[in-house]
Amino acid sequence: MIVVTGPGRSGTSFLAALYRELGFDPGGRWEPAVDAGLEDRELVRLNLAVARAMGVSIRERRGGRVLESLGTLVRASDGRVPVALRRPFVAAADALRYLRSTPDLMDWASVDPVVGRFGDQMRAMAKERAVVKDPRFCFTLRAWLASGAPVEAVVFTIRPLDAMADSRVRVRMYSGRAREWARHNYCYGIGLLMTAVAEHRVPLTQLRYPDFLEQPEALHALLPLPEPRSWPEFEAAFRAVYDPSLVHDRR
């Protein structure tokens, strides 16, 4: 299994779309409202459960699942909740959820119990999927690797911290109140990912968004694939999914 990950809003969805166009579908669907997606729902549910069991914070803060569920419901209401009500509600929920700017730290003693609880699922899922994409792997990959899940390579993409935070605010994934917490959390997740990759000697491809969009030939040479694809095949797939209008704030 090839894992595509990054802090989020850093090009992971483009890479997932490229893999799909090349014939390696990561699963999930595209979400036009946020210009992102292609995250297998079963995998996301597993990563959320693993993250919670390890004690790390992805988006869930004070108020727990109640605020998380209400915020998700309002954001995904497709117009059923008027904007005049939706925006202040989301802002109020985020104000409660992000009172602290620091991330929730991983419980290092949790890794073995997490592997015992979820290891069979992680190994089975890794054997069934050639490529997966989920920013949550920044926090959970250590458990996947400790379980012995066959992770062939990791593709990690990043952009400046402020650009990632601003992008989430722009598509209303959360309000501006969460920006400071987000930057701390990005850094913590990156550290967890990099140490896990190094300790388990997993091949790592590191990319910078949006630079790799301007260098498709270099990307072809760097990107690990489950099966080889020629440059003409890769170029055709790249052009099929690349839309310059979707690249906001090229910092």
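Just so it is clear, the values below take in all heavy atoms, side chains as well, and ignore hydrogens, waters and symmetry mates. This chain uses plain numbering: 1 for the first residue, then up along the sequence.
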A.B. asks: Just verifying a value: how many Å separate M122 CE and L43 CG, rounded to the nearest 0.5 Å?
C.D. replies: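 The distance works out to 10.5 Å.
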A.B. asks: Taking only Lys NZ, Arg NE, NH1 and NH2, and the carboxylate oxygens of Asp or Glu, determine whether E42 and R129 approach each other closer than 4.0 Å.
C.D. replies: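 Counted as a salt bridge, because a side-chain N and a carboxylate O are separated by less than 4.0 Å.
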A.B. asks: Ignoring hydrogens and angles, tell me if any N or O in the side chain of H220 forms a donor-acceptor pair with the backbone of P232 under 3.5 Å.
C.D. replies: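 Here the side-chain-to-backbone pair does not exist.
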A.B. asks: Using a 4.5 Å cut-off on heavy atoms from C-beta on, say whether the side chain of P150 contacts that of M1.
C.D. replies: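 A side-chain contact is absent here, since even the closest heavy-atom pair is not under 4.5 Å.
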A.B. asks: State, with a plain yes or no, whether a side-chain heavy atom of T205 is found less than 4.5 Å away from one of P224.
C.D. replies: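 They are in side-chain contact.
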A.B. asks: Which pair of non-hydrogen atoms, one from S13 and one from W30, has the smallest distance, and what is that distance?
C.D. replies: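 Of all heavy-atom pairs spanning S13 and W30, the closest is CB-CZ3, 3.7 Å.
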A.B. asks: To the closest 0.5 Å, what do you measure between CZ (R9) and CZ (R170)?
C.D. replies: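 Separation between the atoms: 6.0 Å.
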A.B. asks: I'd like to know if the side chain of S10 and the backbone of T157 have a donor-acceptor N/O pair within less than 3.5 Å.
C.D. replies: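 Side chain of S10 to backbone of T157, a donor-acceptor pair under 3.5 Å: yes, one is there.
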A.B. asks: Quick check: do F139 and L193 have side-chain heavy atoms less than 4.5 Å from each other?
C.D. replies: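 They are not in side-chain contact.
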A.B. asks: Just checking, any donor-acceptor pair under 3.5 angstrom between side chains of T5 and K133?
C.D. replies: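 The answer is no; no qualifying pair exists.
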A.B. asks: So how far is it from Y242 OH to E235 CD, rounded to the nearest 0.5 Å?
C.D. replies: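 Rounded to the nearest 0.5 Å, the OH-CD separation comes to 13.5 Å.
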A.B. asks: Flag the pair L48 / R45 as yes when at least one side-chain heavy-atom distance between them is below 4.5 Å, and no otherwise.
C.D. replies: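 Not in contact.
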A.B. asks: How far does CG of L207 sit from CG of L223, to the nearest 0.5 angstrom?
C.D. replies: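 Result: 7.0 Å between the selected atoms.
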A.B. asks: Quick one: are D40 and V132 in side-chain contact, heavy atoms under 4.5 Å?
C.D. replies: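 No, their side chains stay 4.5 Å or more apart.
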A.B. asks: So which atom in A130 and which in P226 form the shortest heavy-atom distance, rounded to 0.1 Å?
C.D. replies: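 Closest approach of A130 to P226, heavy atoms only: CB-CG, 3.9 Å.
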A.B. asks: Which heavy-atom pair separates A53 from F118 by the least distance, and what is that distance?
C.D. replies: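 The pair with the smallest heavy-atom distance is CB-CE1, 4.1 Å.
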A.B. asks: So L22 and E227, do their side chains get closer than 4.5 Å, heavy atoms only?
C.D. replies: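 Of all side-chain heavy-atom pairs linking L22 with E227, none is under 4.5 Å.
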A.B. asks: With side chain to side chain contact (heavy atoms under 4.5 Å, CB included) as the criterion, how do W108 and M54 come out once you've worked through the C-alpha distance, each side chain's angles and the decisive distance to 0.1 Å?
C.D. replies: CA-CA 8 Å; W108 292 95; M54 295 174 74; over 6 Å; no
A.B. asks: Considering non-hydrogen atoms only, spot the tightest contact between T12 and P135 and give its length.
C.D. replies: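 In terms of heavy atoms, the two residues are closest at OG1-CG, 4.3 Å.
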A.B. asks: Are any of the side-chain heavy atoms of V111 and M106 separated by less than 4.5 Å?
C.D. replies: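 When only atoms from C-beta onward are counted, M106 and V111 do touch, with a gap below 4.5 Å.
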A.B. asks: Should W144 and V3 be marked as a side chain to side chain contact (heavy atoms under 4.5 Å, CB included) after you check the CA-CA gap, both sets of side-chain angles, and the distance that decides it?
C.D. replies: CA-CA 11 Å; W144 285 77; V3 170; over 6 Å; no
A.B. asks: List the atom of W181, the atom of T102, and the distance in Å for their closest heavy-atom pair.
C.D. replies: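 Scanning both residues completely, I find the closest heavy atoms to be CD1-O, 3.6 Å.
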A.B. asks: Closest approach of L145 and A196, non-hydrogen atoms and distance?
C.D. replies: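 Looking at all heavy atoms of both residues, the shortest contact is CD1-O, 3.7 Å.
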A.B. asks: Please tell me if the side chains of E152 and V202 come closer than 4.5 Å, counting only heavy atoms from C-beta onward.
C.D. replies: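 E152 does not reach V202 side chain to side chain.
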A.B. asks: Can we say R29 and E39 salt-bridge, meaning some charged N sits less than 4.0 Å from an Asp/Glu carboxylate O?
C.D. replies: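 Answer for the salt bridge query: no.
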A.B. asks: Can you measure from CZ (F238) to CH2 (W231) and round to the nearest 0.5 angstrom?
C.D. replies: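 That separation rounds to 7.5 Å.
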A.B. asks: Return the CZ to OH distance between R159 and Y186, rounded to the nearest 0.5 Å.
C.D. replies: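 One finds 9.5 Å between CZ of R159 and OH of Y186.
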A.B. asks: State yes or no: are the ring centers of Y19 and F14 separated by less than 6.0 Å?
C.D. replies: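 Ring centres of F14 and Y19 not closer than 6.0 Å.
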A.B. asks: Carefully, step by step, assess L204 and F156 under the rule side chain to side chain contact (heavy atoms under 4.5 Å, CB included).
C.D. replies: CA-CA 7 Å; L204 174 70; F156 171 75; 3.8 Å; yes
A.B. asks: With no hydrogens and no angle check, is any side-chain donor or acceptor of E233 less than 3.5 Å from a backbone partner on S230?
C.D. replies: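 Yes; at least one donor-acceptor contact below 3.5 Å.
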A.B. asks: As a quick check of understanding, evaluate side chain to side chain contact (heavy atoms under 4.5 Å, CB included) for T195 and R142, giving each step before the final call.
C.D. replies: CA-CA 8 Å; T195 53; R142 176 175 292 274; 3.1 Å; yes
